[in-house]
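In this chain, residues are counted from 1 in sequence order.
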Amino acid sequence: MALLAGLRVPARSLLRAGARLRDAALGRWERAAGGGGDGARSFGSQRVLVEPDAATGVAVMKLWNPPVNSLSLDLLTELVISLEKLENEKTFRGIILTSDLPGIFSAGLDLTEMCGRNPAHYAEYWKALQELWLRLYQTHLVVIAAINGASPAGGCLLALSCDYRVLADNPKFIIGLNETLLGIVAPFWFKDTMINTIGHRATERALQLGLLFRPAEALQVGVVDQVVPEGQVQGAALSAMTQWLAIPDHARQLTKSMMRKATADRLLTQREADIQNFVSFLSRDSIQKALQVYLEKLRQKKG
Ligand SMILES: CCCCCCC/C=C/C(=O)SCCNC(=O)CCNC(=O)[C@H](O)C(C)(C)COP(=O)(O)OP(=O)(O)OC[C@H]1O[C@@H](n2cnc3c(N)ncnc32)[C@H](O)[C@@H]1OP(=O)(O)O
């Protein structure tokens with residue numbers, strides 16, 4: 001089982017992790033105190049901060065689940081609630097999805113939700129992930145991912161579910177569905193989402209090899225639509241949003257639905273079986289062992 005060692009930042013230390021948390025917490029506190037954008041009030045939950053701009057109809061949605069924005073059950077639930085809230089507000093037409101943690105977009109599924117728990121927990125967790133994907137993939141809002149950090153596995157799925165992706169140009173900001181590196185298999189709806197983005201052959205290669213693309217490669221294969229210097233990601237995402245919002249809503253929304261419905265329906269029609277498949281897969285001793293070993297390697301690499 002390979003760890004992502006070749007792609008990692010060298011000599012990270014506990015100090016750096018501490019600084020990341022401190023800076024992130026400070027930034028969050030300042031924003032909460034100051035309010036957002038054009039005077040519209042920020043809202044959100046513990047792990048998802050939403051900064052709405054009523055003048056443009058665009059809300060910036062920021063993930064904040066330290067240390068690495070792993071998609072815990074709580075984060076998945078809060079994301080669905082925030083998304084639903086924006087969908088129900090007629091004022092909003094677009095979302096910029098980004099991270100509030102420096103250097104990390106999302107580390108993907110939370111491995112601690114998948115290790116050493118009981119079958120009922122695995123089922124609840126998988127259902128929550130399905131729920132988020134179904135909502136995000138099919139939302140009538142324009143969603144642009146401003147990817148300002150590493151984005152492996154479930155983090156990549158999150159980005160692929162958006163309408164457009166802008167990635168910050170930093171070689172540490174890898175993106176891809178790397179499940180096979182962990183000894184697990186990307187589910188069919190992860191695979192379908194990638195196929196719909198980059199095509200069948202490129203997906204097959206990426207999935208079998210568990211490829212994690214650096215920005216230039218990600219752009220070349222089409223996993224992202226734009227690569228821009230760090231610090232310009234949100235601005236570039238907002239510029240792209242202008243183009244998407246220039247299209248009449250009804251025409252764009254019907255087109256989005258036409259393009260995505262069959263893929264979403266495929267999961268909807270076998271949702272329960274997909275959950276059972278996940279639960280029985282995770283309940284295997286060999287899979288639990290492989291995930292434990294992977295998690296342990298992640299934890300030890302700091303030492
Ligand atoms: C039939 C069904 C089949 C099942 C299909 C399941 C599909 C699975 C999809 C997934 O998303 S699985 C998760 C895949 N994710 C990864 O492989 C990413 C692993 N993480 C990393 O590579 C790195 O952490 C990073 C994201 C590149 C960030 O690196 P950085 O050096 O900045 O941080 P670290 O020191 O590595 O980590 C800090 C801290 O966070 C813990 N952690 C990292 N990733 C996860 C995670 N995905 N879930 C839970 N926890 C994670 C890591 O262990 C460290 O913990 P501590 O040592 O601080 O306790």
For this session: I would like to know whether L141 and E87 meet side-chain contact (heavy atoms from CB on, under 4.5 Å); could you show each step before the answer?
Result: CA-CA 7 Å; L141 300 169; E87 283 174 342; 3.8 Å; yes

Seminar exercise, completed: For residues 67-81, the salt bridge (charged side-chain N to carboxylate O under 4.0 Å, His left out) pairs (sequence neighbours left out) are R47-D74, R47-E78

Exercise. Tell me, which pairs form a salt bridge (charged side-chain N to carboxylate O under 4.0 Å, His left out) where one or both residues lie in residues 179-201, sequence neighbours left out?
Worked result: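 For residues 179-201: D192-R266.
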
Kindly say whether [Y] contributes a backbone atom to a donor-acceptor pair with the side chain of [X] at under 3.5 angstrom?
X	Y	answer
S257	Q253	no
T180	G210	yes
R165	V223	yes
T91	G57	no
T98	A146	yes
E113	L73	yes
Y122	R117	yes
N178	A153	yes
T139	L136	no

Exercise. Does the pair K127/E131 count as a salt bridge with the N-to-O cut at 4.0 Å?
Worked result: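 So K127 does not pair with E131 through a salt bridge.
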
Validation row: [X], [Y] side chains within 4.5 angstrom (heavy atoms):
X	Y	value
V221	L211	no
W126	V279	no
L177	T203	no
V185	L207	no
T263	Y137	yes
I275	Q130	yes
V224	I175	yes
V58	F92	no

Let me check something: any side-chain donor-acceptor pairs from residues 229-239 under 3.5 Å, sequence neighbours excluded? List them with distances.
from, atom 1, to, atom 2, distance (Å)
E230, OE1, N170, ND2, 2.9
S239, OG, G235, O, 3.2

Please name the pair of heavy atoms, one in [X] and one in [Y], separated by the smallest distance, quoted to 0.1 Å.
X	Y	result
N148	F105	OD1-CD1, 3.9 Å
V48	S82	CG1-OG, 3.6 Å
A107	I104	N-CG2, 4.1 Å
L71	G154	CD1-O, 3.8 Å
A264	L134	O-CD2, 3.9 Å
A59	V50	CB-CG1, 4.0 Å

Could you measure the distance from the [atom1] atom of [X] to the [atom2] atom of [Y]? Nearest 0.5 Å is fine.
X	Y	atom1	atom2	value
L49	K62	CG	NZ	6.5 Å
K289	R284	NZ	CZ	15.5 Å
L86	I81	CG	CD1	12.5 Å
E124	L76	CD	CG	10.5 Å
H140	H250	NE2	NE2	14.5 Å
L268	K261	CG	NZ	8.5 Å

Grouping I, L, V, M, F, W and Y whenever their side-chain heavy atoms are under 4.5 Å apart, do [X] and [Y] come out in a common cluster?
X	Y	value
I195	L209	no
L282	F190	yes
W244	L167	no
V142	I96	yes
I147	V228	no

Problem set entry | Pairing residues for Q270 by the side chain to side chain donor-acceptor pair (under 3.5 Å) criterion, not counting sequence neighbours | none

For this session: Can you sort out the partners of S72 under side chain to side chain donor-acceptor pair (under 3.5 Å), two or more places apart, ordered by chain and number?
Result: N65

Exercise. Around N118, counting heavy atoms of other residues, nucleotides and ligands shown, do more than 12 lie under 6.0 Å from its CG?
Worked result: yes

Problem set entry | H200 atom NE2: more than 12 heavy-atom contacts under 6.0 Å |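 No - once you tally the heavy atoms of other residues, nucleotides and ligands closer than 6.0 Å, there are 12 at most.
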
Problem set entry | Worked verdict on L295 versus L291 for side-chain contact (heavy atoms from CB on, under 4.5 Å) | CA-CA 6 Å; L295 244 182; L291 289 176; over 6 Å; no

For this session: Step by step, work out the side-chain contact (heavy atoms from CB on, under 4.5 Å) result for V293 and E296.
Result: CA-CA 5 Å; V293 168; E296 205 41 51; 5.7 Å; no

Pairs under 3.5 angstrom only: tabulate donor-acceptor contacts from the side chains of residues 155-164 to other protein residues two or more places apart or in another chain.
from, atom 1, to, atom 2, distance (Å)
S161, OG, W133, NE1, 3.4
S161, OG, L157, O, 2.7
D163, OD1, K256, NZ, 3.1
D163, OD2, V143, N, 2.7
D163, OD2, K256, NZ, 2.9
Y164, OH, Q226, OE1, 2.8

Problem set entry | I184 vs F281, side-chain contact (heavy atoms from CB on, under 4.5 Å): CA-CA, chis, key distance, verdict | CA-CA 9 Å; I184 58 179; F281 185 75; 3.7 Å; yes

For this session: Measure the acute angle between the ring planes of Y125 and F278, then classify it against the limits of 30° and 60° as parallel, tilted or perpendicular.
Result: tilted

For this session: Assess the side chains of W189 and D274: does a donor N or O sit below 3.5 Å from an acceptor N or O?
Result: yes

For this session: Quick one: do S70 and D110 satisfy side chain to side chain donor-acceptor pair (under 3.5 Å)? Show the steps, please.
Result: CA-CA 5 Å; S70 61; D110 192 320; 2.9 Å; yes

